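Computed from heavy atoms alone, side chains included, the values below leave out hydrogens, waters and symmetry copies. Here the structure is a predicted model, which is why all the values come from computation and not from measurement.
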Amino acid sequence: MTTPSLSPKPHPTSEPAVPGPPTKHQLALMIWLAVFPTLTALNLALGHWLGTLTPVVRTFVLATIAVPIVIYGLMPQLYRLRRRLLTRHNQ
């Protein structure tokens with residue numbers, strides 16, 4: 001004979017499930033949406049100064065400025081937007 005469990009049964013939560021990680025295609029789109037405007041803005045803001053540099057140094061400067069902006073500033077925002085869109089869509 002089995003005895004009933006004394007642990008409480010889980011209650012359904014009202015919060016939607018958190019979406020999993022983005023697919024490769026979603027991640028590629030998110031990265032493009034972050035990188036293209038960042039590089040465009042940097043080129044417009046620093047173009048005159050960057051034009052005096054060699055291509056390798058110019059690329060190094062752009063990457064050094066753009067990567068932290070994209071990784072720490074824009075990608076977290078895009079992940080939040082994606083989560084908000086997917087959880088709103090599933091409700």
Side-chain angles (χ1 to χ4, degrees):
M1 182 194 263
T2 61
T3 56
S5 173
L6 297 178
S7 62
K9 293 182 181 179
H11 295 267
T13 61
S14 60
E15 293 184 31
V18 176
T23 65
K24 287 181 185 180
H25 300 300
Q26 290 171 343
L27 187 57
L29 177 62
M30 291 167 63
I31 292 170
W32 187 88
L33 287 171
V35 170
F36 178 74
T38 302
L39 291 178
T40 301
L42 289 173
N43 273 305
L44 290 172
L46 305 173
H48 182 69
W49 179 74
L50 290 171
T52 64
L53 304 174
T54 65
V56 172
V57 174
R58 181 173 50 239
T59 303
F60 176 78
V61 169
L62 283 173
T64 301
I65 297 170
V67 168
I69 292 170
V70 168
I71 296 301
Y72 299 114
L74 299 177
M75 289 304 290
Q77 298 297 324
L78 288 171
Y79 270 96
R80 279 190 212 87
L81 176 62
R82 177 183 172 272
R83 182 175 58 234
R84 194 168 40 234
L85 289 171
L86 291 177
T87 54
R88 183 174 8 157
H89 181 68
N90 290 333
Q91 290 180 352

Please find the pair of heavy atoms, one from [X] and one from [Y], that lie closest to each other, and give the distance.
{"X": "Trp32", "Y": "Pro37", "value": "O-CD, 3.8 Å"}
{"X": "Ala63", "Y": "Pro68", "value": "O-CD, 4.1 Å"}
{"X": "Pro76", "Y": "Ile71", "value": "CD-O, 3.2 Å"}

Next item on the list: Spell out, yes or no, whether Val67 and Tyr72 are grouped together once hydrophobic residues are joined by side-chain heavy atoms under 4.5 Å, including indirect joins.
Entry: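 Yes, one cluster joins them.
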Margin query: Membership question, hydrophobic clusters at under 4.5 Å side-chain separation (ILVMFWY): are Leu44 and Leu39 in the same one?
Written below: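 Unlinked, Leu39 and Leu44 end up in two clusters.
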Atom pair [atom1]/[atom2] of [X] and [Y] - distance to nearest 0.5 Å:
{"X": "Arg58", "Y": "Leu46", "atom1": "CZ", "atom2": "CG", "result": "12.0 Å"}
{"X": "Leu33", "Y": "Gln77", "atom1": "CG", "atom2": "CD", "result": "13.5 Å"}
{"X": "Ile69", "Y": "Thr64", "atom1": "CD1", "atom2": "OG1", "result": "11.0 Å"}
{"X": "Arg82", "Y": "Thr87", "atom1": "CZ", "atom2": "OG1", "result": "10.5 Å"}

Checklist line | Identified side chain to side chain contact (heavy atoms under 4.5 Å, CB included) partner of Leu50 from the options Val61, Val57, Thr59 | finding: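 When Val61, Val57, Thr59 are each tested with Leu50, the side chain to side chain contact (heavy atoms under 4.5 Å, CB included) holds only for Val61.
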Next item on the list: State, with a plain yes or no, whether a side-chain heavy atom of Val70 is found less than 4.5 Å away from one of Ile31.
Entry: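 Result no, sub-4.5 Å side-chain heavy-atom pair not found.
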Next item on the list: Walk me through it: do Met75 and Leu27 pass the test side-chain contact (heavy atoms from CB on, under 4.5 Å)?
Entry: CA-CA 10 Å; Met75 289 304 290; Leu27 187 57; 4.0 Å; yes
